[in-house]
Structures are given as C-alpha cells and as structure tokens.
There are 2 protein chains.
Amino acid sequence: MPIAPDDALKPRKRPRQARSAATVDAIFEAAIQVLRSDGFTGLTTTRVASRAGVSVGTMYQYFPHKDALLYAVLEDYLEYVVNAIEAAVERFRHMLLAEMSDGLTLAYLDAKTRHMLGAQGLYVVAAELETDDLVADVCSRCDAAIARLLATATDARFDDIARVTHALRVLLVGTVRAVLENDVSPDALAMLRTELPVMCRAYLLAVARPTEAQAV
Amino acid sequence: MPIAPDDALKPRKRPRQARSAATVDAIFEAAIQVLRSDGFTGLTTTRVASRAGVSVGTMYQYFPHKDALLYAVLEDYLEYVVNAIEAAVERFRHMLLAEMSDGLTLAYLDAKTRHMLGAQGLYVVAAELETDDLVADVCSRCDAAIARLLATATDARFDDIARVTHALRVLLVGTVRAVLENDVSPDALAMLRTELPVMCRAYLLAVARPTEAQAV
DNA sequence: ACCTGAACACCGTTCAAGT
DNA sequence: ACCTGAACACCGTTCAAGT
C-alpha cells in the first residue's frame, strides 16, 4: 500500500498493434470476471493472466502492477456512469422539477443495473486503491451536470443549489449501492425503481422554492 | 476465499483468564488501528500481532484465521449500531411522524460518527468476508425496530409498512456511508445533519396516509 | 496452559532468455 | 517487438519446542 506517486496507476504503455489491443481487452475482461467470481481478495495476477490466456509477464507489460489494472477497470466503469448521467441531464432540461427528478433517477438506475450487475467488486477497488483523485473528478462532473439540470426547472428555484445537488447525488449513489451490494434480485430492483424516484422527488420538492410557473 | 462451512469464522476459543482477555482486547484494538492506517490490503497478521505485542502464533490461538478476527471486529461494530437504533426506536415511539423520523435519523448519524470515524475499512471487510448471514441478521433486526417505530406514528399510517421500512433503512445506511466513506470533514457531517433528516421526512410524508389526528 | 518463531505454500513482481 | 516462466520477497498459517 505505498503511496502512488504521480501517474503510478496509469497503464504502462498503450497498445499499438492489433495483437496488443486484443491482449489488453482480454486482460480487462478477465479481470472483471475474476473480480466477480473470486472477489477482490481472490483476484490474483496469475488467475487474471491465465483466464486471459497470457502469461503474467505479458500483463506486466501493459500494467505496471495489479493496482494499475484495477484502476483502469474502475476508470472505465465510472466513465460509463458519468456519461449516462450527462446524457440524461441533456434530455430532461427545462422540464418540471418532478419530471427531471424521475428522469435522472431512472437513467442512473438503468446505467447501474445494466453495466454493473456483477461488477460490485469495484466498490472495494475504489475503497482500497488510491482513487481519491479519480473519484473526486467523477463526482464533480456529476455534480456539475446535476446542478445544470436543476437550474433549468420550470417550476422551482433553489437557494443553495450546490448543497442540494450534492445531497441528491449522495442520495442516489448511496441508496442504489446499499441495495445492489447485497441483493441484486428482481425484487430489490423493483423496490428501487418505485421508491427511489419517490425519495428524490420528495427531497427536491421539500427544499425547492416554487416559482410563478408552478400553478400551470 | 474458500466457502466458510458452519462457524468457521467464529473465534477459536473464548478467553478464560484475565491474561487471555487482555490479549484478545489488544489484538482487537490493534486490528482496528491497522485497518485504519493500512487499509484492508495492508492488514497483515504479522502487523496486527506486532502492534498488539504478541506473536502470530498467539493470535492463531484465539482466531482460527485472519478472516475470523475481522469478522469479530465487524460483528462488534454492527452490534453497537443496531443497539443505537433500537434505543432510538424506544425513545421516539408514539410521536408525530416527522418527530420520529428526525429522532431516528439523528440517532443513527450519531452512532455512526461516534464509533466509526476511522473504521471505514469495515465496509470492505463486510464486502469481502462471507458475512451475508451476519448482515442479513442485523438488517432484519433494524427493519423490525423501524417498523415497530413507524407503526406507532400518531398522525400517519402506511399501506405497505415493510416496503417503506426497508426503503427508509436503505436510504439512511446508503446515504451516510456514501458521505463518510470519502469525506469525514466537518463540512460533510454538517451537510448530512441538515439534509438527511429532510430526505427521510420528505420520503415518509410522501408515502404516508394521514390519519384523523393529523390536524391537531 | 499459554506463548514463540522458523518453516511451508502461495501471490506480486522482475528479468534473463526465447520467438 | 512481444511473450514466457523460473526466481525472489512477502504474507497466511502451522507446529515443534519452549515457559
């Protein structure tokens, strides 16, 4: 657990040839599979390499150490989620507060459940790996996007939009994780799909200041 | 990561003499400290033993393996939190819905922040360690307590109290964790203390069916 | 009874040797 | 250029030997 200086967690080299790119993809996919089946503790360089069909040495040509590989997997996943949020924000701007709340909530839920169903282990990766900068960056991009959304509600204004934005993101992220983490059954998902929108909507309406357009 | 059969995670023997009890306490405390400073990955049997001032062999007399030690630490912590919730439930029964919501929320927040400030690593322990039974037990005790509380609200009834209880617990646990996990600054805590009660109250009021006593 | 620490198997990482 | 796998240091766990 030495402190990672500079870009110590960055890939060692980018694949330049088709053969290499295929190798990296295989390693990447293998890492996710092993993480899912054996957990963070069970994720071994040997196991990833053998499942990817390469030798350990080859893996170390692309990732300077195990952590760099896991970091890359996490980065890729977070990028996917942020993109989903930013897309939802564009789609639901300039609507009623309740509409944009539901739109954002369901878009986030979809992104999570589609891409994440087995990648729960990534939470452990984020917790254990020096990922503060990466996470901070992703969080601020999400907050910026959500603030952009809320600012355009046609029927409400917020006194402290930064605070509300932050609280809403934490509500979304925390609740979804708390459920998916130890129960990905259809029942649990159904519960989220009905209750989470209610939570977000209720919170936003509670802290919003209605505007003249409200009575429309 | 072998499947834990039976009580494989239970302590090997209970301390019978004062000397032993002191040893176990020291090991326990050392584990928490190492977890805080070095994380889950950095938590080494050698490190825990040396910080506790005993040899590895001694540790293995009380805990059959590293996981059993971590399991015991987690169990102790969860017990503390459940007790806090159950105490709060007794204190706030038969009140207005908004009052009991705030009471429960702040009691939970207090329990978390007081005992947990450094023990964040326990989330990783719970995720990695075969703790499904333990967690399920704790969750159902919390849900039972919260349902007991909500059922006595003087101004509201719920059509599906199990669903609301579950959703409320997930909201509490998830949101608090999402904040504390990567930011235990006073600012973050202040945000939780103001916004979390609003979230819970707003959600409960949104799903509650008001009763005649409401207009009092 | 309780404690110790060398010894064994396994994992992360390197690097000389192969194609 | 890219790949391989034996070799080294370190961690979890055991157990013969100490008090």
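To find a chain, count down the sequence lines: A is the first, B the second, and so on, and within it residues start at 1. As the structure is a prediction and not an experimental result, all values here were calculated from the model.
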Between the protein and nucleotides 5-10 of chain C, list the N/O to N/O atom pairs that are separated by less than 3.5 angstrom.
none

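- Pairs of residues two or more places apart, or lying in two chains, never qualify as side chain to side chain donor-acceptor pair (under 3.5 Å) while including a residue from residues 83-92 of chain B.
- Between B:R51 and B:D38 there is no salt bridge, since none of the side-chain N atoms of the basic residue sits less than 4.0 Å from a carboxylate O of the acidic one.
- A salt bridge is absent between A:E99 and A:R201: the closest approach of a Lys/Arg side-chain nitrogen to an acidic carboxylate oxygen does not fall below 4.0 angstrom.
- Taking each heavy atom of B:T131 and B:V125 in turn, the nearest pair found is CG2-O, 4.4 Å.
- To the nearest angstrom, P of D:dC2 lies 7 Å from CD of A:Q61.
- Nearest to the side-chain atoms of A:T44 among the listed nucleotides C:dG12, D:dT13, C:dT13 stands C:dG12.
- Atom P of nucleotide D:dC2 and atom CD1 of A:I27 are separated by 13 Å, given to the nearest angstrom.
- If you measure from atom CG of A:L43 to atom P of C:dG12, you get 8 Å, rounded to the nearest angstrom.
- Within the structure, a side-chain polar atom (N or O) of B:T23 is placed less than 4.0 Å from OP1 or OP2 of C:dC3.
- Residues forming a side-chain contact (heavy atoms from CB on, under 4.5 Å) with A:V56 (at least two apart in sequence, or on another chain): A:T45, A:Y60.
- Across the protein-nucleic acid pair, A:L69 atom CG and C:dG12 atom P stand 11 Å apart, rounded to whole Å.
- Atom name C1', nucleotides D:dC10 and C:dG5: the rounded distance is 16 Å, in whole Å.
- Across B:L43 and B:A31, no two heavy atoms sit closer than the pair CD1-O, 3.6 Å.
- Ion pairing between a basic and an acidic side chain is recognised when a charged N comes within 4.0 Å of a carboxylate O; A:D143 and A:R148 show no such pairing.
- Residue A:Y62 has a polar side-chain atom (N or O) positioned under 4.0 Å from OP1 or OP2 of D:dC3.
- One can place NE2 of A:H65 at 9 Å from P of C:dT14, the figure rounded to the nearest angstrom.
- Between B:V54 and A:R47, the residue whose closest nucleotide on DNA chain C is further toward the 5' end is B:V54.
- Counting only Watson-Crick and G-U wobble pairs whose two distances sit under 3.5 Å, DNA chain C takes part in these stems of three or more pairs: C:4-8 with D:12-16, C:12-16 with D:4-8.
- Distance B:Y60 OH to C:dA1 C1': 21 Å, rounded to the nearest Å.
- A straight line from NZ of B:K66 to C1' of C:dC11 spans 12 Å, rounded to a whole angstrom.
- Rounded to whole angstrom, the span from the CG atom of A:D67 across to the P atom of C:dC11 amounts to 17 Å.
- Residues meeting the side chain to side chain donor-acceptor pair (under 3.5 Å) test with B:Y123, sequence neighbours left out: B:K112.
- Partners of A:T194 under the side chain to side chain donor-acceptor pair (under 3.5 Å) rule, at least two apart in sequence or in another chain, are B:R163.
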